[in-house]
Q: 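Can you keep this structure in mind? I'll have questions shortly.
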Amino acid sequence: MSLWRDELKTSGATNATLVALAAIAIGSLGRVVQAPGLYVTAVPAVAVGAAFAIFFGKRSLGLGFTLLIVLGFVTLPILFVHRAPTPSGFHALLTLIRSGLADAGSATPPVLAAGKYVVLLWSALLMLGFLGAAWVVVRRPLGTVISALGVVTFAGSVGDGRGRTAFAIAAIIVTIAFFLAEGRQRIARWAGGKLAIPAWFGIPTLAIASIAALAAPTIFGDQPIVQLRGALRPRIVIIKPLSDIQRQLKINPPIEVMRVTSTKPLYWRLTSLDTYDGKEWFLQAHPHDLINSAVPAANPPTSGQTVEQTYTLTSLLSPWLPAAYAVRSIDAQQHKVQLDGPSQTLLLSGDSSPGLTYTVRSVLPNVAVDEPTKLRPVGSDAEKLFGSYAKSIVGTASTPLDKSRALVTYFRKFTYSEDVPAGHSIARLQQFLRDRKGYCEQFAATMTLMLRGLGVDARVGVGFLPGAFVDNQYVVSTKDAHAWVEVNLPGGGWTIFDPTPGHGVSSSVPKTVQAQATPKPIPQQTTIPVPTPQQQNLPSKERPVRAPFHIPAAVVYTLIALIVASITPVAKRIRRSRRRRGPPDDIVVGAFAEFLDRARDLGWMSAPSETHREFAVRVGQGNGASHLELARVTSRVLYAEEPVSGQDATHAWTTLDRSLHELTDDVPWWRRGLAELDPRTLVPSGLAGRITASVVRFVRRYTPTGRPSSI
């Protein structure tokens, strides 16, 4: 074995390291896709791909790859959309794949094991298994190492740091073990078979490699190895303020965060969250610098009333700045402000500081009409789930505004309570719907998912309520932290809807078209707490709840079939390995026995009266030089008195490999496949005949003959 192809085959130790490295690569993908049953799906994919490469490798890898693609194309609709391989099934499959490819670029790992991601993972691992085994077949196993390390590197470059170091260390150790296994075989060959490599050869090297691997994270840090989007978008800000609202609401006494001067009370918006991963809502912002403090128009544009607000931050410490939607300009004096365009989120280069004052001019969305619009595609399983809940609630409502109003009316019959479990995972939101009790975070998250499940473009808004009106200013405290729903309405753009009981609706929807509701009175705060700087965006301590993962029955049946089909080939490999052990005489005889069994698998039966040479001539049909050489060596061992050396034993098995290649050269691929699965040569000689004779005697003994009894 080497980097190039030659007659030296991979050793058992080398193959073991390659299998271990493949397992590490599959395990590292568990950091990217969260699912308890991921490995039950991933292992069969790699096994099927590897089986095709090994089975077809001696004839045509191209043919094997083509058949693998055809098999995958036929079975994917059955596995992932649960439909037959018909035009409608393929259409549903392509829709699922397109959805996965579209969402993969914006998703933040680890993602839930939705079908759109699992189908991509299955296909990739199918190809990985084929590629890895193909490198071994052509005797270039270093390619398998590179392929597996590529998967580990990719999985380590995305997501958070959990598990990255462990998989990296394991991959390093196994890779070094691979080179040690190859080195033992290669060095022995370079020395002409005269150099014996002791079994303990790899222990010191592995110890040194393990120490280096353990020290590597300390030296280099547990940071992403590759920033996939770094070249395209130099700065990415992941915003997750929703999980902190309950903690802010429970601060007692409340802490003042800012004061706002404005002609009317508005929602002081921090950001909007447009991505849900099954555990939480977040925004992946790509901020850019503003030019001359001007903010590009929102998309879709707004055309309502212009309102100017002046903010003075007292204890708000965060990278994003509050502002009423939609901002058109900002004057922050000497501070550098950036903007994430799609969400209209304003950010500072660093955290804000107490005393920061800035002025914002905003154009409020104006909804003048109530008309239908083109529905957005329903993407995730969570959207489909909550959309099914919402269908009976909205009834016959046909426009985004009507559907939003219906859901607001429905949720205002719930009970507002801050004394409930925090979080907005799927499990938390389902519990919220059962208990009909929660706080603003859960109201906004649930209604947004419902609207998306109905095809309405919606997202979660996060910020503050207007606060208490004191001395011509709105005094905003931690008690005013809030979340709401923003809906993209025709002609008005992103418009606020607040489903939380006791709160008002969007001030930008005129009374002629807005839902009837009683606005929450603005409390008069008589005593303002002393401003205390405190970080407001604290992390959520909720333990994520993983969604159940369904394993398709076809995957289970395929795995069982692969296990059953592998029994015979594995048994033959074990038999071959045993024949290569022992004294040189036994090894030579074992080589010819292996030749007889492989010939029998292909239909060549040796007669009791045939000598080894006669059988070799008949099988070779005039073109079996290796057969004759193997028969000659075996006959010399059996009948000559001269001793057999270890070099003769090695020569016998080398000749056997050439002989088997000649034997199968003209045999069709399907016949070779049947030969691998044929278990008859595993049955001890004569056992089948003895069993048959016993059955015949039993039948004859208890079968009536028709003759009268002698009694």
Side-chain angles (χ1 to χ4, degrees), residues 239-260 262 265-273 280-283 309 311-324 345 347-348 350-357 414-425 428 432 437-445 460-471 473-484 498-504 520-543:
I239 300 176
K240 301 179 179 180
L242 188 57
S243 302
D244 186 43
I245 288 181
Q246 188 185 46
R247 177 171 293 195
Q248 295 187 44
L249 293 173
K250 286 182 173 292
I251 295 176
N252 190 20
I255 300 173
E256 178 188 330
V257 295
M258 63 183 175
R259 299 193 177 200
V260 185
S262 175
L266 298 169
Y267 285 86
W268 318 123
R269 178 180 181 273
L270 287 173
T271 186
S272 62
L273 314 176
E280 58 184 339
W281 284 92
F282 61 91
L283 169 69
Q309 318 115 61
Y311 297 82
T312 301
L313 307 185
T314 52
S315 65
L316 180 64
L317 304 177
S318 74
W320 46 89
L321 300 176
T345 300
L347 301 98
L348 290 175
D351 285 351
S352 59
S353 58
L356 172 64
T357 299
F414 282 36
T415 301
Y416 178 82
S417 173
E418 297 171 8
D419 298 321
V420 295
H424 45 277
S425 65
R428 285 281 183 267
F432 162 70
K437 181 171 65 175
Y439 62 103
C440 60
E441 170 188 343
Q442 294 158 344
F443 281 94
V460 177
V462 181
F464 297 92
L465 292 169
F469 191 67
V470 179
D471 296 333
Q473 285 184 319
Y474 294 96
V475 180
V476 184
S477 70
T478 53
K479 196 66 178 175
D480 297 308
H482 195 52
W484 55 86
D498 197 338
T500 306
H503 295 68
K520 176 185 176 183
I522 300 174
Q524 296 295 323
Q525 184 171 332
T526 56
T527 303
I528 299 175
V530 178
T532 304
Q534 180 170 337
Q535 183 74 26
Q536 302 301 327
N537 52 322
L538 303 175
S540 170
K541 294 185 178 180
E542 178 196 2
R543 186 174 182 177

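The figures that follow rest on heavy atoms only: side chains count, while hydrogens, waters and symmetry mates do not. Predicted model, so just to flag it, every value in this text is computed and none were measured.
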Q: Closer than 3.5 angstrom, by distance alone: can the side chain of S315 be matched with the main-chain N or O of E256 as a donor-acceptor pair?
A: yes

Q: If I take atom OH from residue Y474 and atom OH from residue Y311, how far apart are they, to the nearest 0.5 angstrom?
A: 11.5 Å

Q: Please name the pair of heavy atoms, one in L266 and one in A324, separated by the smallest distance, quoted to 0.1 Å.
A: CD1-CB, 3.7 Å

Q: So which heavy atom on P421 is nearest to which on Y439, and how close?
A: O-CE2, 4.4 Å

Q: Could you please spell out the steps behind the side-chain contact (heavy atoms from CB on, under 4.5 Å) verdict for F432 and F443?
A: CA-CA 8 Å; F432 162 70; F443 281 94; 3.7 Å; yes

Q: Side chains of L348 and L321: closer than 4.5 Å at any heavy-atom pair?
A: yes

Q: Report the distance from atom CH2 of W320 to atom CG of L347, rounding to the nearest 0.5 Å.
A: 7.5 Å

Q: Taking K437's backbone N and O only, do any of them form a donor-acceptor pair with S417's side chain (distance below 3.5 Å, no angle check)?
A: no

Q: Measuring only between side-chain heavy atoms, which start at C-beta, is C440 closer than 4.5 Å to I245?
A: yes

Q: Would you find a donor on one side and an acceptor on the other, under 3.5 Å apart, between the side chain of S425 and the backbone of R428?
A: yes

Q: Counting distance only, does the side-chain N/O of K479 pair as donor-acceptor with the main-chain N or O of L249 below 3.5 Å?
A: yes

Q: Testing the basics here: between L465 and H482, what is the closest heavy-atom pair and its distance to 0.1 Å?
A: CD2-CD2, 3.5 Å

Q: Do L273 and T271 have side chains that approach each other closer than 4.5 Å (heavy atoms only, starting at C-beta)?
A: yes

Q: Output all residues satisfying side-chain contact (heavy atoms from CB on, under 4.5 Å) with T312, sequence neighbours left out; order by chain, then residue number.
A: T357

Q: Measuring from T478:OG1 to I251:CD1, what's the distance to the nearest 0.5 Å?
A: 4.5 Å

Q: Taking the side chain as everything from C-beta on, heavy atoms only, tell me whether R269 gets closer than 4.5 Å to P322.
A: no

Q: What residues, two or more places apart in sequence or in another chain, satisfy side chain to side chain donor-acceptor pair (under 3.5 Å) together with W268?
A: none

Q: D419: what forms a side chain to side chain donor-acceptor pair (under 3.5 Å) with it, not counting sequence neighbours?
A: K250

Q: Do the side chains of Y267 and F464 get nearer than 4.5 Å, heavy atoms only?
A: no

Q: Looking at OG1 of T500 and OH of Y416, how far apart are the two atoms once the value is rounded to the nearest 0.5 Å?
A: 7.0 Å

Q: Is there a donor-acceptor contact under 3.5 Å linking the side chains of Q442 and H424?
A: no

Q: Looking only at atom types and distance, does a side-chain atom of D471 sit under 3.5 Å from a main-chain N or O of Q473, one as donor and one as acceptor?
A: no

Q: Determine yes or no for a side-chain-to-main-chain donor-acceptor pair under 3.5 angstrom, with Q309 supplying the side chain and A323 the backbone.
A: no

Q: To the closest 0.5 Å, what do you measure between CE (M258) and CG (L313)?
A: 7.5 Å

